[in-house]
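Report on the structure given below.
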Amino acid sequence: MKRYNIAVIGGDGTGPEVVQEALKVLDTAAKKFDFQLDYTHYDLGGDRYLRTHEPLPDSVFNELRQFPAILLGAIGHPDVKPGVLEKGILLRLRFELEQYINLRPVKLFDERFCPLKDKKPEDIDFVVVRENNEGLYTGSGGFVFRGTPHEIAVQESINTRRGVDRCLRYAFDLTRQRNQGKRLTLCGKTNVLTYAFDLWERAFNEIGQNDYPDVERDYAHVDATTMWFLKNPEWFDVIVTDNMFGDIITDLGAMIQGGMGIAAGGNINPQGTSMFEPIGGSAPRYTGQGVINPLAGIYAGKMMLDHLGEIDAAKAIEDQIIRVTREKIKDLGAKRMGYSTSEIGDLVANGIAA
Ligand code: IPM
Ligand code: MN
């Protein structure tokens, strides 16, 4: 029997509740499909930081890097200054574990939950490949004359040919693998960011022409992309973009698939430790009430199984998420689901076991 060591970080707010349901579903799928998941839980997040003043000790980091995958609930605490935990935990893991892909599927499971008129599940089914290690997120830049009237703040977008190439190749491979229209759209801003996206566009066309002639190449400016998300989401198959644009457009993507209650992503290092998370945040005001929707966390678990190669189990989880979304759940948002957090976990798990 195959066994996988998984690091689990429940994190802050409702993160642990959501992760608990994800583990319930994962264990049910493992049993059904004959593999085993061995979890090691890590206490990271705002509470630990407030106790120890250390967001992520090196010793913990060095343990985490031994795992093939990490399942993360959420990071973000109302008593910790914004940025400390994000940079100290989430971004550090993404960067230092070289999770250079942030994979964010945008998939509508039931048309009742789409805010767009007349859009159906077949219209909203695409994947955003967000570069996850470069761009505006590296922390490159600084202040001059801080706090004076002459203050200058510089925040630089770093785009290396190596970093862009590996991201593009991942996106081309995924487009080919998905085999759904085989269209890869580069989302950029070539009309203004004439250095950064010049590099992206040249790399995109070179790699596409030479190694992926079977994949259709398409380009959209980021502002137009947000427009197309609302107007013609059915146009998209796979979108590849930089870190900042990917951050922004995937929140919009989450909304057209029904909201943060359902959106998940994977921070992928194809050769190392990858990390899977619901993208909605810690929602601290709902902590401990059993009212948060765990489906995004469960979907993150599904993505983790895909990554580990447990394709059939992943598919079974997705099928049950779709069933529960269509047949049971009243609303994808917290408090309005018609079921408690653990009841939704049970509905998905029982569907798999059946
Ligand atoms: C996300 C989040 C993070 C990001 C924050 C919390 C640092 O918004 O995962 O999209 O900007 O990447
Ligand atoms: Mn974001």
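Only heavy atoms go into these numbers, but all of them, side chains included; no hydrogens, no water, no symmetry mates. On a predicted model such as this, the values are computed, not experimentally measured, just so you know.
- Checked by atom type and distance alone, the side chain of E151 never pairs as donor or acceptor with a backbone atom of R146 at under 3.5 Å.
- Side chain of R104 to main chain of D247: no donor-acceptor pair is present (N/O by atom type, distance under 3.5 Å, no hydrogens or angles).
- In terms of modelled atom types and a separation under 3.5 Å, the side chain of E134 and the main chain of S157 share no donor-acceptor contact.
- Distance check, rounded to the nearest 0.5 Å: CD1 of I6 to CD of Q36 gives 11.5 Å.
- Tested against I268, the residues H307, Q99, R94 include a single side-chain contact (heavy atoms from CB on, under 4.5 Å) partner, H307.
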Check: residues 289-297 side-chain donor-acceptor pairs under 3.5 Å, at least two apart:
| from | atom 1 | to | atom 2 | distance (Å) |
| --- | --- | --- | --- | --- |
| Q289 | NE2 | R285 | O | 2.9 |
| N293 | OD1 | L295 | N | 2.9 |
| N293 | ND2 | L332 | O | 2.8 |

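- In this structure, the side chain of T273 engages the main chain of F67 through a donor-acceptor pair within 3.5 Å.
- At least one side-chain heavy atom of F245 sits less than 4.5 Å from a side-chain heavy atom of K189.
- Between F236 and F229, the ring planes lie perpendicular to each other; the angle is over 60°, past the 30° to 60° tilted range.
- In this structure, the side chains of V80 and L50 come closer than 4.5 Å at one or more pairs of heavy atoms.
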Donor-acceptor contacts under 3.5 Å from residues 57-65 side chains, at least two apart:
| from | atom 1 | to | atom 2 | distance (Å) |
| --- | --- | --- | --- | --- |
| D58 | OD1 | R92 | NH2 | 2.8 |
| N62 | ND2 | D58 | O | 3.2 |
| E63 | OE1 | Y42 | OH | 2.7 |

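- Side chain of E131 to main chain of N133: a donor-acceptor pair is present (N/O by atom type, distance under 3.5 Å, no hydrogens or angles).
- Under the 4.0 Å criterion applied to side-chain N and carboxylate O atoms, E234 and K120 are not assigned as salt-bridge partners.
- Salt bridge absent: K328 and E343 never bring a charged side-chain N and a carboxylate O closer than 4.0 Å.
- Side-chain contact, E21 with T341: no donor N or O sits under 3.5 Å from an acceptor N or O.
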Exercise. ring-ring contact (aromatic ring centres under 6.0 Å, His included) between Y49 and H77: does it pass, once the steps are laid out?
Worked result: CA-CA 10 Å; Y49 174 75; H77 194 290; 9.3 Å; no
For this session: Apply ring-ring contact (aromatic ring centres under 6.0 Å, His included) to F109 and Y299, showing your working.
Result: CA-CA 12 Å; F109 295 132; Y299 201 81; 5.7 Å; yes
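- Ion pairing between D125 and R178 holds under the 4.0 Å rule for side-chain N and carboxylate O.
- At a threshold of 4.0 Å, the pair D47-R51 does not count as salt-bridged, since none of the basic side-chain nitrogens sits closer than that to a carboxylate oxygen.
- Between V324 and Y339 the shortest side-chain heavy-atom distance does not fall below 4.5 Å.
- Salt bridge absent: D165 and R169 never bring a charged side-chain N and a carboxylate O closer than 4.0 Å.
- A side-chain donor from one of D27 and Y39 sits under 3.5 Å from a side-chain acceptor of the other.
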For this session: Run the numbers on E310 and Y4 for side chain to side chain donor-acceptor pair (under 3.5 Å), then give the verdict.
Result: CA-CA 11 Å; E310 294 293 343; Y4 304 93; 2.6 Å; yes
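- Judged purely by atom type and a 3.5 angstrom limit, K24 has no side-chain atom pairing as donor or acceptor with the backbone of V348.
- The closest side-chain donor-acceptor pair between N132 and Y137, if any, does not fall under 3.5 angstrom.
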